[in-house]
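Here's the structure, in structure tokens; my notes come after.
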Amino acid sequence: MTDFTQLRSDTVAAYLASRPALASRIDASALASVREVGDGNLNLVFILADVSGASLVLKQSLPHVRTDPSWPMTRERSAREAVVLAAHEAADAAHVPALYDFDPEHYVLAIENLSDHRVWRNELNAGRVHAYAAASLGQYVARTAFATSPLGLDPLEHKRLIARAVNPELQQITEDLVFTEPYIAHPHNAVLPANEPDVAALRADHALVREMGLAKLRFMTTAQSLIHGDLHTGSVFVRAAAGSADAVDGADAPADASVRAFDSEFGFVGPTGFDLGALWANFIIAAARAEALGESDRAALILTLPGELWASFETEYRSLWPSRIDPRVWGDEVLDAWLAGIRDDAAIFAAAKAIRRIVGFAKAADIETLPPAQREGAARGVLRAGRALALTRRGIADVDALAAESLAILRVAGAR
Ligand code: SR1
Ligand code: MG
């Protein structure tokens with residue numbers, strides 16, 4: 001009997017053969033290629049293809065952080081990811097990879113191979129913006145959020161979903177890494193020496209730390225919808241095979257465009273704005289890189305994306321509103337206030353997620369791959385933009401105005 005506790009290139013064929021649910025997906029006896037491609041923080045990932053060209057991805061959670069084996073990590077997160085993938089596929093199949101199989105004994109997900117797509121963060125870092133992706137992701141968050149909230153689900157089903165999706169260990173990682181550690185001395189933190197005064201200024205800002213404390217409580221106590229939980233640009237695949245710079249940078253999607261959110265192992269029933277905020281934060285980070293490289297026009301283009309994301313989310317959510325299952329006390333007058341709350345959450349979570357990627361564990365390649373001379377100003381810009389967003393967002397309905405404020409801050413910080 002082969003041991004599948006930790007899959008290897010020489011055991012995946014036997015593993016496939018042991019999974020009846022995959023028999024129609026790929027010929028385990030005629031594999032043409034097996035590639036181990038996991039480069040994230042947590043998992044083993046294999047892309048397999050058979051001689052006929054059929055292919056799929058196997059993703060197995062490891063019992064520790066892949067990049068730090070001394071940090072244990074529950075393997076049950078793969079079961080949470082299976083719950084999120086299945087629910088999100090039911091709500092918006094166009095924007096997630098298809099789930100083919102889940103094996104709870106070995107913590108293995110079998111999912112659609114999207115290797116004709118590229119990771120959005122890598123594309124942004126290479127100067128290809130794929131601006132159309134923001135609107136697609138606004139639809140994705142709206143559809144999945146509505147369908148998994150009490151607006152789209154029977155109230156008992158919503159409570160059962162909360163129970164099925166609870167993800168204590170990974171929720172706690174987010175609580176620690178996003179909302180706490182950047183604001184205290186902690187071994188996970190590291191910045192360039194030149195940025196140490198910037199971090200000290202953040203920690204000394206009582207108004208900011210108060211906002212982060214409140215945001216952490218929102219994150220810990222809100223059960224609006226089944227969120228992706230880690231929707232940064234490295235968790236998004238984009239494809240625009242038309243490939244021209246115009247097609248890639250235009251807001252209109254090329255005819256063959258595809259946008260998929262993957263890696264939802266941090267998902268749980270939480271605040272809807274957290275997913276929007278994660279994307280928004282990473283737009284600020286990508287813009288900081290562009291600004292640091294002297295590509296001001298590209299930085300400005302990237303900072304149209306928070307507004308595109310929000311506008312698309314709001315339009316889609318409003319279009320779903322008439323289908324809510326119980327309009328008795330959720331009349332139309334509720335919708336504006338509900339959306340305003342999600343928008344405010346998105347902004348404060350964006351601020352938190354921008355700051356954590358500079359100060360704490362799991363940094364962003366956008367900034368880390370800059371030469372130190374440019375990295376210093378880019379990091380400072382992200383920290384200041386995050387701080388300003390946290391403190392000025394209240395009551396500001398205009399996401400474009402908030403993004404314009406971030407752009408102005410990045411420009412000044414990069415020029416120092
Ligand atoms: C130990 S996990 C570190 C980070 O990687 C994931 O992408 C999440 O953002 C998490 O915080
Ligand atoms: Mg991930």
Side-chain angles (χ1 to χ4, degrees), residues 37-45 57-85 88 96-97 107 109 111 114 117-122 124 137 140 167-184 186-190 212 215-216 219-220 227-238 260-268 270-271 274-286 349-368 382 386:
V37 296
D39 65 353
N41 290 317
L42 299 176
N43 304 296
L44 282 173
V45 182
V57 169
L58 294 180
K59 175 177 175 181
Q60 184 175 43
S61 59
L62 291 168
H64 52 76
V65 176
R66 199 175 65 88
T67 49
D68 179 0
S70 69
W71 185 345
M73 185 76 55
T74 175
R75 303 188 87 179
E76 291 300 327
R77 64 187 186 273
S78 61
R80 304 290 84 76
E81 183 169 350
V83 170
V84 179
L85 266 178
H88 284 194
V96 289
Y107 310 102
L109 296 146
I111 53 185
L114 295 172
H117 293 55
R118 294 183 180 169
V119 174
W120 197 11
R121 187 187 302 287
N122 298 343
L124 284 158
L137 291 166
Y140 161 69
N167 202 353
E169 295 85 355
L170 273 71
Q171 289 171 234
Q172 190 171 6
I173 287 174
T174 303
E175 292 157 18
D176 292 342
L177 269 57
V178 175
F179 297 106
T180 303
E181 291 177 8
Y183 305 96
I184 61 172
H186 193 281
H188 284 156
N189 297 334
M212 291 303 159
K216 180 173 176 174
F219 180 82
M220 295 175 77
I227 64 173
H228 177 288
D230 197 24
L231 192 55
H232 54 81
T233 52
S235 297
V236 176
F237 279 130
V238 292
R260 313 286 190 102
F262 66 100
D263 235 2
S264 46
E265 66 204 312
F266 281 81
F268 69 106
F274 193 72
D275 284 345
L276 298 167
L279 288 163
W280 186 342
N282 281 271
F283 300 151
I284 293 172
I285 291 167
F349 291 140
K353 298 208 37 124
I355 291 168
R356 67 76 59 114
R357 292 280 178 205
I358 300 300
V359 180
F361 190 85
K363 294 194 161 36
D366 321 39
I367 306 298
E368 294 300 292
V382 173

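The structure presented is a predicted model; accordingly, all values stated were derived computationally and were not measured. Indexing begins at 1, ligand by ligand and atom by atom, following the structure's order.
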- line: Between Val96 and Arg260 the two heavy atoms that sit nearest each other are O-NH1, 3.0 Å
- line: the Mg ion (ligand 2) has as its nearest N, O or S atom from Asp263 the atom OD2
message: If you apply the rule side chain to side chain donor-acceptor pair (under 3.5 Å), what do you find for Arg77 with Asn43, and how did you get there?
response: CA-CA 10 Å; Arg77 64 187 186 273; Asn43 304 296; 3.1 Å; yes
message: Using only atom types and a distance under 3.5 Å, with no angle test, would you say the side chain of Ser235 pairs donor to acceptor with the backbone of Asp230?
response: yes
message: Measuring from atom CG of Asn189 to atom CD1 of Ile358, what distance do you get when rounded to the nearest 0.5 angstrom?
response: 12.0 Å
When you pair each N or O of ligand 1 with protein N or O atoms, which pairs come out under 3.5 Å?
unit_1, atom_1, unit_2, atom_2, d
ligand 1, 5 (O), Asn41, ND2, 2.9
ligand 1, 7 (O), Asp230, OD2, 2.6
ligand 1, 9 (O), Asp230, OD1, 2.9
ligand 1, 9 (O), Asp230, OD2, 3.4
ligand 1, 9 (O), Arg356, NH1, 3.3
ligand 1, 9 (O), Arg357, NH2, 3.1
ligand 1, 11 (O), Arg356, NH2, 2.8

Between Tyr140 and His88, ring centroids under 6.0 Å: yes
task: Using side-chain hydrogen bond (donor to acceptor under 3.5 Å, both in side chains) as the criterion, list what pairs up with His64, not counting sequence neighbours.
output: none
